[in-house]
Structure formats: C-alpha cells, structure tokens
**Student:** 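Supplied in structure tokens, the structure appears directly below.
The sequence lines fix the lettering, A, B, ..., with proteins before strands; numbering per chain opens at 1. Because the structure is a prediction, the values reported are computed rather than measured.
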Protein chains: 2
Amino acid sequence: MAADEQQAVLEGRLRSAQLKVTAPRVAVLGVLSKRGHLDAETVFSLVATSLPKTSLQAVYGVLGALVTAGLIRKIEPAASSALYEARVGDNHHHVICLNCKNVEDVDCIIGASPCLTPSNLQGFAIQSAEITFWGLCSKCQLSPDAS
Amino acid sequence: MAADEQQAVLEGRLRSAQLKVTAPRVAVLGVLSKRGHLDAETVFSLVATSLPKTSLQAVYGVLGALVTAGLIRKIEPAASSALYEARVGDNHHHVICLNCKNVEDVDCIIGASPCLTPSNLQGFAIQSAEITFWGLCSKCQLSPDAS
DNA sequence: CAGTTGTTTTTAGTTATTCAAAACAACTCG
DNA sequence: CGAGTTGTTTTGAATAACTAAAAACAACTG
C-alpha cells in the first residue's frame, strides 16, 4: 500500500469517529498502526520526524481524543508510564517482561469466557476484564542484564 | 484479641521477615491488616492518628520495605495511585468500580489455572498473572453520580 | 550499654501528566 | 469558494505521586 493510500485510510478512520482530520492526529494514528505499546514520549518523537512542529502536549491531546473515540487503547502497566496501541475491538491481553519491560500481545486465553467469571462478584456489574502476564521474554531469559 | 497482642503479632511478622521492628512499620502493617487497598496518602493519615511524627516519606519507605519483604502487596490500577494490601500469598485478584474506584477482592476465578495459560506465550517465561475486573459496584449501579 | 547497622526525618528533585489561554486550522454553509 | 464557527494545537505553567540524599536517630548485637 502506497503512503498516500495509507494516509487516506487513517483519515477515513478519524472521520468515521467524528474527529476532525488534522496532521498530528493522522501522524499519531499512523505511528501506532505500525507499532503498538508506545508511550506518549515515544509517539511524540516518532511524530516529530515528520511533523517537527508538533508539541508533546498536542500528542497527549491527540492520544486522549483517540482513546475517547475508541480508535486506540491506553494501557497502564504497573511501574511504567501509559502505553498506547491501535489494536482495538478485540479483547486481547498483554505479557510484559519483568526485566526489559517489553510488551507483547496475548491473543487469547484458553477457554476465555468462563475463566473471566469471578466466583465472587461482590455485587459488581462487570464491564471488562484485564489480564496482564508478567515474566521474562526469551531474550532476557538468556541475559537478564540487558535493558 | 487485645491491642497489645495484635501488636505482638505484627512485630513477629516483621521479625520473621528480617526487618527491624519500628513504630512506623508496626503502625503501617496494622493499618493495612485492618483495611486493604489504601494509597500511601491514606496510610499516612491513618498512621498519623497514632504516630503524628511520622512523615509521608517514611510511609513510602516503610511501604517499599514491606513490599520487598513480601509482607504487603502493591497494586497499581490504571488511572489511580498505587494501593497496598496486607493480604498476600494467595493469588487473588481485584474488581474496581469504574465510578467510585472502590476496590474489592476477587477470591478466585472459576477454573483458575487453565484459564491463565495464554495461548501464545511469545517465548515468555511467565511468572505471574494479574487480573483486574472493571465494572460498577452495587451502590454506583443505583446512583452513578456518587463519589 | 556501647557500637553498628539500618531507619526515619527533612529538604529537594524528578517524571508523567494535566490545565488554561491564546493562536490557529478544519469543516460547514451560503 | 470564502467567511464563520467549532474544535485543535501551541505555549507556558502547574500538579500529583513518587524518588533521592544527607543528616539525625533508633533498633538490635554482643
């Protein structure tokens, strides 16, 4: 797919979410469509390569708007800053490396639905369940010192 | 159980974790043994009622030491500050109210173990799984405006 | 009970994030 | 297609939660 075709797809996604199409929004969505699990700072620096005038605050604003619109998802793992990903709509989860903090998607859980029924709901009306696995990634199993 | 008996139990727990027994530590552990899911600020204010000289930084230090020793557990739910609880050793999870942020324990998950096997491990050596349920507590289902 | 080790106090600093006002740009509608 | 309205981005500053460092102090050892 050509670069401008890609651009058009992103613009379409913004428009169908009733969001005004602006350069920072297209850029942020583009960055997150290529690579997920990025923090605001990283998104900012990647956006800055094509749009150097974009401010970090604008990136925070865009990320907030995209999350609200449901175009991206925000995850907030313990002990790290918020991460964003463009993969939405499916109920996938995450594995995070205890050593290098690398995040990978976990497509699904064996026997998903029944497992997500807590035995004791305390009267809560559950709307979603969030699962995070913690462990060592293949690289850090070999050399636990690496970043 | 009398107050000084309770005190002795807490001191014993600290001692068996090879921690020096100090007033702030006993107080923090006491507070968290009574009530869980408290943030550092709340622990601080509760400790301050009996030990007014204790600083917030001391509370952070104590909380860190107790977490490292495995006497308390730290949870970091999305969009709120870190919470601490004295219930450790069992693999329980949490339900959090989307409206009032109240946290309750979820004792276990139906068919627990198999459900926590991700279908795609990405080469990770999993060490733990963390499940957070989000929903509305019984009170907020009736009046969603309440704090 | 003196010494050592480790804890707490006090004072500062950092990081991720949010807020607010003014400048500006996108889409609407004539 | 051009002005107006609405909403976005910039700029500059503030905040909350937490961490760091040095000095004062207290707990356990022998």
**Student:** Both A:Leu19 and A:Ser80 contact DNA chain C. Which one's nearest nucleotide lies toward the 5' end?
**Tutor:**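 Counting from the 5' end, the first nearest nucleotide belongs to A:Ser80.
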**Student:** Figure out the CG/C1' separation between B:Asp39 and D:dC18, and round it to whole Å.
**Tutor:** 12 Å
**Student:** Of the listed nucleotides (C:dT7, C:dC27, D:dC28), which one gets closest to any side-chain atom of B:Arg25?
**Tutor:**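 Selected nucleotide (nearest to the side chain): C:dT7.
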**Student:** For A:Phe44 and D:dT11, what is the distance between atoms CZ and C1' respectively, to the nearest whole Å?
**Tutor:**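 Atom-to-atom, A:Phe44 to D:dT11, this comes out as 13 Å.
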**Student:** Heavy atoms from C-beta onward define the side chain here; which of C:dC27, C:dT17, D:dC28 lies closest to that of A:Leu56?
**Tutor:** C:dT17
**Student:** Send over the distance from B:Glu11 CD to D:dC28 C1', rounded to a whole Å.
**Tutor:** 13 Å
**Student:** Taking CG from B:Leu63 and P from D:dA17, how many angstroms apart are they, rounded to a whole number?
**Tutor:** 14 Å
**Student:** Where each residue is assigned the nucleotide of DNA chain D containing its nearest heavy atom, which of A:Gln18 and B:Ala23 is assigned the position nearer the 5′ end?
**Tutor:**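 The residue closer to the strand's 5' end, by nearest nucleotide, is A:Gln18.
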**Student:** Under 4.0 Å, counting only non-hydrogen atoms across every strand here, what does A:Ser55 touch: a base, just sugar-phosphate, or nothing?
**Tutor:** base
**Student:** Please pick, from D:dT8, C:dT9, C:dT7, the nucleotide with the shortest atom-to-atom distance to any side-chain atom of B:Ala58.
**Tutor:**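 Between D:dT8, C:dT9, C:dT7, the one nearest the side chain of B:Ala58 would be C:dT9.
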**Student:** Could you tell me whether B:Arg35 atom CZ has more than 12 heavy atoms of other residues or ligands within 6.0 Å of it?
**Tutor:** no
**Student:** Should B:Asp105 and B:His93 be marked as a side chain to side chain donor-acceptor pair (under 3.5 Å) after you check the CA-CA gap, both sets of side-chain angles, and the distance that decides it?
**Tutor:** CA-CA 6 Å; B:Asp105 288 333; B:His93 301 289; over 6 Å; no
**Student:** Between atom OH in A:Tyr60 and atom P in C:dA16, what is the gap in whole Å?
**Tutor:**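 Answer to the nearest Å: 7 Å.
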**Student:** Report the distance from atom NZ of B:Lys53 to atom C1' of C:dT7, rounded to the nearest whole Å.
**Tutor:** 13 Å
**Student:** For D:dT9 and A:Thr22 - does any side-chain N or O of the residue sit under 4.0 Å from the phosphate oxygens OP1/OP2?
**Tutor:**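 Affirmative; the distance criterion is met.
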**Student:** What is the distance, to the nearest angstrom, from the CG atom on A:Leu14 to the C1' atom on D:dG7?
**Tutor:** 14 Å
**Student:** Once you round it to whole Å, what is the distance between P of D:dA24 and CD of B:Gln57?
**Tutor:** 18 Å
**Student:** From D:dA17, C:dT18, D:dT6, pick the nucleotide closest to the side chain of A:Lys20?
**Tutor:**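 The answer is D:dT6.
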**Student:** Can you find a pair of side-chain heavy atoms, one from A:Leu14 and one from A:Leu66, that are under 4.5 Å apart?
**Tutor:** yes
**Student:** Taking it one step at a time, do A:Lys20 and A:Arg25 satisfy side-chain contact (heavy atoms from CB on, under 4.5 Å)?
**Tutor:** CA-CA 9 Å; A:Lys20 282 190 182 171; A:Arg25 285 180 176 175; 4.0 Å; yes
**Student:** Classify B:Ala82 by what it touches in the nucleic acid, base, sugar-phosphate, or nothing, heavy-atom distance under 4.0 Å.
**Tutor:**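 Here B:Ala82 touches the backbone only, sparing every base.
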**Student:** How about A:Leu136 and B:Ile126: do any of their side-chain heavy atoms sit closer than 4.5 Å?
**Tutor:** no
